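Computed from a predicted structure; not experimentally measured. Counting starts at 1 for both ligands and their atoms, following the listed order. Start at 1 with the first residue, then count along the sequence. Only this structure's heavy atoms are used, side chains among them; waters, hydrogens and symmetry mates stay out.
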Amino acid sequence: MAVSCDKKNGIELRIHENPDGLSTDLAEYIAALSEASVKERGAFAIALSGRSLISLMRKLSEAPFNKTVEWARWHIFLADERVVAKSHVDSNYKLLKDTLLAKVPNVPSHVHSINDMVTAEQAAEEYEFVIRQHVKTRVIDVCEINDCPKFDLILLGMGQDGHIASLFPNHSALDEKELWVTFITDSPKPPPERITFSLPVINSASKVAVVVTGGSKAEAAHLAIDDIGPECPVLPARMVRPTEGKLVWFLDQEAASKLDDVKFKE
Ligand SMILES: O=C(O)[C@H](O)[C@@H](O)[C@H](O)[C@H](O)COP(=O)(O)O
């Protein structure tokens, strides 16, 4: 159970004593969203970012979730991916497969990795085409305001610099408004070549959850969540403000340690 549940600027904060407690709450949250989406639409369209977020999802491979979640109804996409071989240690797809997908009865054809045999630009184009196909069949819902794909849930991590997915501070990819999937070749965080959802797609999701642990992220979390005033640097994580959807932050106490007026239950 979260040590603090708060609402700030329309953002739900679920703060936990440690990553393990956060991981349990995250699994429960995702399982509940999956159940609601499957009941309502017959499918659960989820997109997730990489690295520590994926290991924090590990509880989904354990009881009861490994048996209670309707894995066959999941359609799994990557909100960003490194343009490396799918077998490469840097691949988010490989990390997701090893950490979770190999342990649950998902449908392999419902898991969408990138074409790792082409350039970053081509991989982004092809990925967007696959998403368009799934919007056509309404496996992925559509946002009526801007015709963007409306994922049931997008899960993001955040870097110490406040980047989310592969959208980095002051990078031109942040300004992409037309493409659903864009690419970068100069990522400040290695490896350099990546594809990434654009901000309009992220902000069109029904639910967005940002999952952050560790004191090194505390300052960025504060700048992304709190009311700082006009002089506040606009970090990519601060630009995640779903148009109609709900925004939830999962944090451990270390990552939440610089948030204004957050009360921790004793
Ligand atoms: O492919 C990537 O690198 C990720 O998608 C990236 O956006 C990640 O989520 C953050 O850098 C946080 O990574 P950690 O949670 O591992 O610090």
Item to check | Salt bridge K94-D116, side-chain N to carboxylate O under 4.0 Å | outcome: no
Next on the checklist: For residues L179 and F151: do they belong to one hydrophobic cluster (side chain heavy atoms under 4.5 Å, members Ile, Leu, Val, Met, Phe, Trp, Tyr)?
Outcome noted: no
Next on the checklist: Counting non-hydrogen protein atoms only, what is the nearest one to atom 12 (C) of ligand 1? Give residue, atom name and distance.
Outcome noted: M158 O, 3.5 Å
Item to check | N or O contact, R51 vs ligand 1, cut-off under 3.5 Å | outcome: no
Item to check | Side chain R82, main chain D90, donor-acceptor under 3.5 Å | outcome: yes
Checklist outcome for this item: So the atoms of ligand 1 within less than 4.0 Å of a heavy atom of R194 turn out to be 1 (O), 2 (C), 3 (O)
Checklist entry - Does any N/O atom on S166 come nearer than 3.5 Å to any N/O atom on ligand 1? => result no
Checklist entry - Of all the heavy atoms in K217, does at least one lie under 4.0 Å from an atom in ligand 1? => result yes
Next on the checklist: Taking the cut-offs as 6.0 angstrom to the six-membered ring centre and 45 degrees off its axis, would you call R132 and W180 a cation-pi pair?
Outcome noted: yes
Checklist entry - Is there a path of hydrophobic side-chain contacts, each under 4.5 Å between heavy atoms of I, L, V, M, F, W or Y residues, that connects L235 with L247? => result no
Checklist entry - So is L53 polar-close to ligand 1, meaning N/O to N/O under 3.5 Å? => result no
Checklist entry - Any luck finding a side-chain donor-acceptor pair between E40 and S37 under 3.5 Å? => result no
Checklist outcome for this item: Note: ligand 1 atoms sitting under 4.0 Å from heavy atoms of S49 are 4 (C), 5 (O), 7 (O), 9 (O)
Checklist outcome for this item: Of all protein heavy atoms, the one nearest atom 4 (C) of ligand 1 is D80 OD2, 3.5 Å
Next on the checklist: I'd like to know if the side chain of S23 and the backbone of P19 have a donor-acceptor N/O pair within less than 3.5 Å.
Outcome noted: no
Item to check | Proximal atoms of ligand 1 relative to G50 (non-hydrogen, under 4.0 Å) | outcome: 4 (C), 5 (O), 9 (O)
Next on the checklist: Is there a polar contact, in the sense of an N or O pair closer than 3.5 Å, between A165 and ligand 1?
Outcome noted: yes
Next on the checklist: Does only the side chain of K189 get under 4.0 Å from ligand 1, or the backbone, or both, or neither? Count heavy atoms.
Outcome noted: side chain
Checklist entry - What residue and heavy atom of the protein are closest to atom 15 (O) of ligand 1, and at what distance? => result S52 OG, 2.4 Å
Checklist outcome for this item: The atoms of ligand 1 lying under 4.0 Å from a heavy atom of G157, numbered in the order shown, are 9 (O)
Checklist entry - Any idea which protein heavy atom is nearest atom 1 (O) of ligand 1, and the distance to it? => result R82 NE, 2.7 Å
Checklist entry - So, R41 and D152, do they make that salt bridge, N to O below 4.0 Å? => result yes
Checklist entry - Hey, is NZ on K86 packed in by over 12 heavy atoms from elsewhere, all under 6.0 Å? => result yes
Checklist entry - Just heavy atoms, cut-off under 4.0 Å: does T213 contact ligand 1 by side chain, backbone, both, or neither? => result neither
Checklist entry - Counting only N and O atoms by type, is there a donor-acceptor contact under 3.5 Å from the side chain of N146 to the main-chain atoms of C148? => result yes
Checklist entry - In the protein, which heavy atom is nearest to atom 10 (C) of ligand 1, and how far is it? => result H163 NE2, 3.3 Å
Checklist entry - With a cut-off of 4.0 Å, which atoms of ligand 1 are near a heavy atom of N92? => result 1 (O)
Item to check | Within-shell test, E81 vs ligand 1, heavy atom, strictly < 4.0 Å | outcome: no
Checklist entry - Side-chain heavy atoms under 4.5 angstrom apart, residues restricted to Ile, Leu, Val, Met, Phe, Trp, Tyr: same cluster for V248 and V201? => result yes
